[in-house]
Amino acid sequence: MNFNIATIPGDGIGPDIIEQAVLVLNKIGEKFGHTFNYTEVLAGGAAIDAKGEPLPQETIDICKKSDSVLLGAVGGPKWDNLPGDKRPEKALLGLRGELGLFANLRPATLHKALKDACPLKPEIIGDGLDILVVRELTGGIYFGERGRRDSINGEEAYDTECYSVKEVERIAKIAFDSAMKRNKKVTSVDKANILESSRLWRSVVEKVAKDYPEVELNHMYVDNAAMQLVRNPKQFDVIVTSNMFGDILSDEASMITGSIGMLPSASLGEGTLGMYEPIHGSAPDIAGQNKANPIATILSAAMMLRYSFNLEKEASCIEDAVTKVLEENYRTGDIMSEGMKLVGTKEMGELIINAL
Ligand code: NAD
């Protein structure tokens, strides 16, 4: 098969890690008979330097025409003093909006070989963890009506949590579809004992669940979910939740896995076009030094194969190769521990390619 991928290396370590992900994809193409065509585009600080804006129209047009987008990271101290709407990070929000990406999928996977990096007790994590947080990305309190007004107590401020049936339906479907590709369990997280928007959320999720009889659904209040994530994280398969709750819980879930350099993410919309990127930033402190861990980006490419191109076998092949290299004790600096073999960005990429 033939796929067109827009690549956005971005800033800092972005180019270092995208290079390795592309090499891995090329090897997958060779092995399974696919052709991946890449168009590199600018966003973030690199785009500000070249074009005077963080998200040029040309980038949006090319991303929209592609089958998928692979992004490194954007931002860095060079652009820190620019006003809000001129900053590199603006490119991320702009791309999500332009591409209609309303679902953010963040797996929190703890590899057996990296168990020591997990801050939880060994008996809690057993032989590893594999949770997928599905966060609603374009609705809720981050996008609701907000403002300031006078009250009898003086000035006050307000933000509004608002969800429509349609918004909940589409994110719930993504969660159930993802669960069908995993362990067939969905936990919907809300605050339905207090919030009306959560009560609507809960009833819509229950309705969508009827189309997925094989998937087990349970509901959990967000305060309990935050606690259960550290108390008994193995009970979770897919967690689906609103924008703000997802923002918080996905960070909590990733902390459990120990390293930011290992975690991929996907942002999806109605069609198959998605944007795939590591959860970490541009790490300007180690940019261009062959020190960045490319695994989060390589695993993001695996998610792209699974979710946008429906190439499950190829996606698993990448994930298995990463596991194998970790089990052979190779580590980049961020996940290094005593007795392990330290390698750089390029060597880690090569080892994964050889393991494919
Ligand atoms: P960061 O994730 O870039 O770095 C935090 C720490 O983790 C640093 O010590 C860094 O060296 C390390 N690190 C991150 N990724 C690594 C990897 N792959 N391998 C090895 N070590 C890694 O977060 P920050 O320092 O808060 O932000 C730096 C810049 O990135 C800022 O401009 C910020 O706005 C931007 N940022 C961008 C995104 C994105 O593009 N999605 C996300 C977060 C932050």
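Read the numbers this way: they start at 1 and go in the same order the structure lists the ligands and their atoms. Computed from a prediction, not measured in an experiment: that's the story for all the values here.
N290 and E347 form a side-chain donor-acceptor contact under 3.5 Å, judged by distance and modelled atom types alone. Residues Y212 and D177 bring a donor and an acceptor atom of their side chains to less than 3.5 Å of each other. In the model, D16 has no side-chain atom that pairs as donor or acceptor with a side-chain atom of Q20 under 3.5 Å. Using a 3.5 Å distance cut-off with no hydrogens or angles, the side chains of E155 and S151 do not pair a donor with an acceptor. At a cut-off of 3.5 Å, with distance as the only test, a side-chain donor of Y142 or D247 sits close to an acceptor on the other residue. Side-chain atoms of H111 and E327 include no donor-acceptor pair closer than 3.5 Å. Side-chain contact of N224 with Q228: a donor-acceptor pair under 3.5 Å is present, judged by distance alone.
Residue A292 approaches ligand 1 through these ligand atoms, each under 4.0 Å from one of its heavy atoms: 19 (N). Using a 4.0 Å cut-off to heavy atoms of G75, the atoms of ligand 1 that qualify are 32 (O). In the vicinity of A283, heavy-atom distances shorter than 4.0 Å reach the ligand 1 atoms 3 (O), 10 (C), 11 (O), 13 (N), 14 (C). When each atom of ligand 1 is checked for a heavy atom of A73 under 4.0 Å away, the hits are 40 (O). The contact set between ligand 1 and E277, taken as ligand atoms under 4.0 Å from a residue heavy atom, comprises 41 (N).
Residue contacts with ligand 1: G76 is placed with a nitrogen or oxygen under 3.5 Å of a nitrogen or oxygen of the ligand (distance criterion only). For the pair K291 and ligand 1, the shortest N or O to N or O distance does not fall below 3.5 Å. At least one N or O atom of E89, backbone or side chain, sits closer than 3.5 Å to an N or O atom of ligand 1. Between D80 and ligand 1, a contact under 3.5 Å exists for no N or O pair. Checked by distance only, ligand 1 and V74 come closer than 3.5 Å through their nitrogen or oxygen atoms.
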Item checked: K112 vs D127, salt bridge (Lys or Arg N to Asp or Glu O under 4.0 Å): CA-CA, chis, key distance, verdict -> CA-CA 6 Å; K112 214 159 112 189; D127 57 359; 5.7 Å; no

Margin query: What verdict does the salt bridge (Lys or Arg N to Asp or Glu O under 4.0 Å) test give for D211 and K173, after you've listed the backbone C-alpha separation in whole Å, the side-chain angles of each residue and the deciding distance to 0.1 Å?
Written below: CA-CA 9 Å; D211 296 333; K173 276 188 194 144; over 6 Å; no

Notebook entry, point to check: Could you walk me through whether N2 and N37 pass the side-chain hydrogen bond (donor to acceptor under 3.5 Å, both in side chains) check?
Noted result: CA-CA 8 Å; N2 210 326; N37 309 305; 2.8 Å; yes

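Scanning the protein for heavy atoms near atom 5 (C) of ligand 1, the closest one is I260 CD1, 4.9 Å. Nearest non-hydrogen protein atom to atom 15 (N) of ligand 1 is H280 CG, 3.2 Å. Considering only non-hydrogen protein atoms, atom 1 (P) of ligand 1 sits nearest to G281 N, 3.6 Å. Looking only at heavy atoms of the protein, atom 29 (C) of ligand 1 is closest to S282 OG, 3.2 Å. Given atom 9 (O) of ligand 1, the protein heavy atom at minimum distance is D285 OD2, 3.2 Å. Closest to atom 19 (N) of ligand 1 among all protein heavy atoms lies N293 N, 2.9 Å.
Remark: R148 is not positioned above the aromatic ring of Y158, lacking an NZ or CZ atom under 6.0 angstrom from the ring centre and at most 45 degrees off the axis.
Residue contacts with ligand 1, taken as heavy atom pairs separated by less than 4.0 Å, involve L92 solely via side-chain atoms from C-beta onward. Contacts between I286 and ligand 1 below 4.0 angstrom, taking non-hydrogen atoms only, involve the side chain exclusively. Proximity of T332 to ligand 1, defined as any heavy-atom pair under 4.0 Å, is not found for any part of the residue.
The protein does not reach atom 27 (O) of ligand 1 closely, with no heavy atom under 4.0 angstrom from it. There is a protein heavy atom less than 4.0 angstrom from atom 21 (N) of ligand 1. When distances from atom 43 (C) of ligand 1 to the protein are checked, a heavy atom turns up under 4.0 Å. In this structure, atom 3 (O) of ligand 1 is in close contact with the protein, since a protein heavy atom lies within 4.0 Å of it.
Taking a 4.0 Å cut-off on heavy atoms, P284 registers as neighbouring ligand 1.
Remark: K64 engages E98 in a salt bridge, criterion side-chain N to carboxylate O under 4.0 Å.
Between W201 and Y163, the ring-plane angle classifies as perpendicular under the 30° and 60° cut-offs.
For CG of D116, the number of neighbouring non-hydrogen atoms (other residues, nucleotides, ligands) closer than 6.0 Å is 12 at most.
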